[in-house]
Peer 1: 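Below: one structure in structure tokens.
Because the structure is a prediction, the values reported are computed rather than measured. All chains are named by letter (A, B, ...) in the order of the sequence lines, taking the proteins before the strands, and each is independently numbered beginning at 1. All heavy atoms count here, side chains included; hydrogens, waters and symmetry mates do not.
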Amino acid sequence: MALQVYNVLHREKVPFKPLHEGKVNMYVCGPTVYDHAHIGHAKTYVSFDVVVRYLRFSGYDVLYVQNITDVGHMLDSGEDRILKKARQSEAGPMQIVETYARSYFEDMDALGVVRPDISPRASGHIPEQIKMIEVLLERGHAYVSDAGHVYFDVYSWPEYGKLSNRRLDEQQAGSREDVREDKRHPEDFALWKIAEPEHILRWTSPWGVGYPGWHIECSAMAQKYLGETFDIHGGGVDNIFPHNECEIAQSEAAHGQDFARYWMLAGTLLVPDEFGIPVKMSKSLGNFYTIKDALKLHRPEVLRTFILTSHYRNQIVFTEDVLESAQKGWERIYAAVRLTREKLRQAPEGEAGNAFLDVLQKARTQFVEAMDDDFNAPGGLAALHELTREVNTLLNSDQEVGQAVLEAIDATYRELGGDVLGIVPDDDVALSGANAQREDGLVRLLIDLRAEARADKDFAKADQIRDRLLELGVTLEDRPDGTIWRAE
RNA sequence: GGCGACGUCGCCAAGUGGUAAGGCAAGGGUCUGCAAAACCCUCAUCGUGGGUUCGAUUCCCACCGUCGCCUCCA
């Protein structure tokens, strides 16, 4: 069965057929950079990272675009949050935005998230946004209000609401009093706002000095880099309305053709509140846990494993317990990988044990079937776990295992676990670098000394070596063919 | 109130119209000088009540519960 994708636009799983054979143009809504990214962001971007990785693994040529929102938007209070932050730190707004944009890339790099091919910034695409607003005005889908702001007229676009299933006549207008009552309809959304005097982030436009509305940047940048119609649009479900809905309306109204063909939205990451009730992790609620903090305690592969144990469309609740069980599960897979590589150091040449290649093929098939089913990463992970059981059985048996098979096992882990899921490191991090090599040599020296003690039945000394190494975070494992070590 | 998602073993979590993957935890074994690791065995009838069906956890309806969106948010 070929790749199936759940398309939020029609609420159904459908075969994936890109616009151009073999190529996939994809856009994912990026972060607003006014603070450090948290693990909620990690969930979304790791999820789409795996989507991109799997598409590439499947042979597609993917062009991946993800924006950086750095123009600032309005808070309830009417106070721009980037400006607020700038005032707190007495730094210029662009400096703030730069700081957090760098921080974001740093975090994503650390998580092993492959960088988008293009990371366009909203602030660098003001002309494109202005152009698009002009088109919308020309086509009668937008208007300039008495106060000089430009709004999209949602009633001019009958399909408004098709993604989020909202009908304008059913909206509870006025449930929240809008101060800016210069709109024709309360549901109309801003394309361009005239800046108040204290608003520092501002650009000149045909309608006066101001700044773009929140939604227009994605429409303008997606169009610029991916075309008027492209394949996949991703993001977090929490932005389905109004953001994604507005993107579709303004893009399709401006271009007269379909915007994104497949909409993929990732579920929200929740975190228990003080009463244990799960609530969304968000900057505004202040209940967030930054990626930087998480990485102080956990390896990036473990964070990714945690995220991938649940399907991307589902919500997940973040707790240390669940993270820990993800860690244990990941360790099991990684231990088998390390054992394979350890054996590879001195494997007999030849084809011994080649019957195992069937097992690898089976695992690969199981993995692909899961991932083809709307990127079912939990299923893919299960395939790796089942493979791991077989690998452990083989590698712990008396059976001779030749280099060819070991290399095939390693290659399978590298491809499925490494290239696609990003949870299997290329090389043991602990063994790279000059100091690490020396450490490896020192531990192996101690292992040799302990082996001599064991041969002499001097178990007191042997255990002393093992215990003291354990205190240093080094665990020894005695195997029939020798002792191996690992660091915490 | 409207829109959406979800409720599967102690915890996390896939999935299917014909009696349910995987991980963590737990219990029992094997291996080991002892450990560690690994392997083997054990461990669920799928929120509640109806309906459709030869048969439903899987389809439909109702109800209960949880979360997300309707305002800046990944």
Peer 1: Expressed as a whole number of angstroms, how long is the span from A/Q315:CD to B/C12:P?
Peer 2: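 Interatomic distance, CD of A/Q315 to P of B/C12: 14 Å.
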Peer 1: Whole angstrom is fine here: how far is it from CD in A/Q366 over to P in B/G15?
Peer 2: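 The answer, rounded to whole Å, is 13 Å.
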Peer 1: Less than 3.5 Å between a donor and an acceptor, one on the side chain of A/N376 and one on the base of B/G15, is that the case here?
Peer 2: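 It does not, because no donor-acceptor pair links the side chain of A/N376 to the base of B/G15 below 3.5 Å.
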Peer 1: If the threshold is 4.0 Å, N to carboxylate O, is there a salt bridge linking A/K162 and A/E245?
Peer 2: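 Between A/E245 and A/K162 there is no salt bridge, as every charged N stays at least 4.0 Å from the carboxylate O atoms.
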Peer 1: Would you classify A/N314 as touching base, sugar-phosphate or nothing, given that sugar-phosphate means primed atoms plus P, OP1 and OP2, and contacts are heavy atoms under 4.0 Å?
Peer 2: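 Here A/N314 touches the backbone only, sparing every base.
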Peer 1: Starting at CG of A/L270 and ending at P of B/G4, how long is that distance when rounded to a whole Å?
Peer 2: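 Distance, rounded to whole Å: 19 Å.
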Peer 1: Check for me: is A/F459 stacked on B/G33 by the 5.5 Å centroid and 30° plane-angle rule?
Peer 2: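 By the stated criterion, A/F459 and B/G33 stack.
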Peer 1: Taking 4.0 Å as the cut-off, does a side-chain nitrogen or oxygen of A/S310 come that near to OP1 or OP2 on B/C12?
Peer 2: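 Checking B/C12 against A/S310, no side-chain N or O comes under 4.0 Å of OP1 or OP2.
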Peer 1: When all nucleic acid strands are considered with a 4.0 Å heavy-atom cut-off, which category describes A/L285: base, sugar-phosphate, or nothing?
Peer 2: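 If one applies the 4.0 Å heavy-atom cut-off, A/L285 turns out to touch nothing in the nucleic acid.
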Peer 1: Just checking A/V237: base, sugar-phosphate only, or nothing, at a heavy-atom cut-off of under 4.0 Å?
Peer 2: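 The answer is nothing, as A/V237 stays clear of every strand by at least 4.0 Å.
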Peer 1: Just checking A/G161: base, sugar-phosphate only, or nothing, at a heavy-atom cut-off of under 4.0 Å?
Peer 2: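 Nothing, no nucleic acid heavy atom in range.
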Peer 1: For B/A37, does the base pair up with any side-chain atom of A/R479 as donor and acceptor (N or O, under 3.5 Å, distance only)?
Peer 2: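 Result: no qualifying N/O pair found.
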Peer 1: Would you say A/R454 places a side-chain N or O within less than 4.0 Å of OP1 or OP2 belonging to B/A35?
Peer 2: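 No, outside the criterion.
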Peer 1: Just call it for A/T393: base, sugar-phosphate, or nothing, with non-hydrogen atoms closer than 4.0 Å on any strand.
Peer 2: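 Result for A/T393 = sugar-phosphate.
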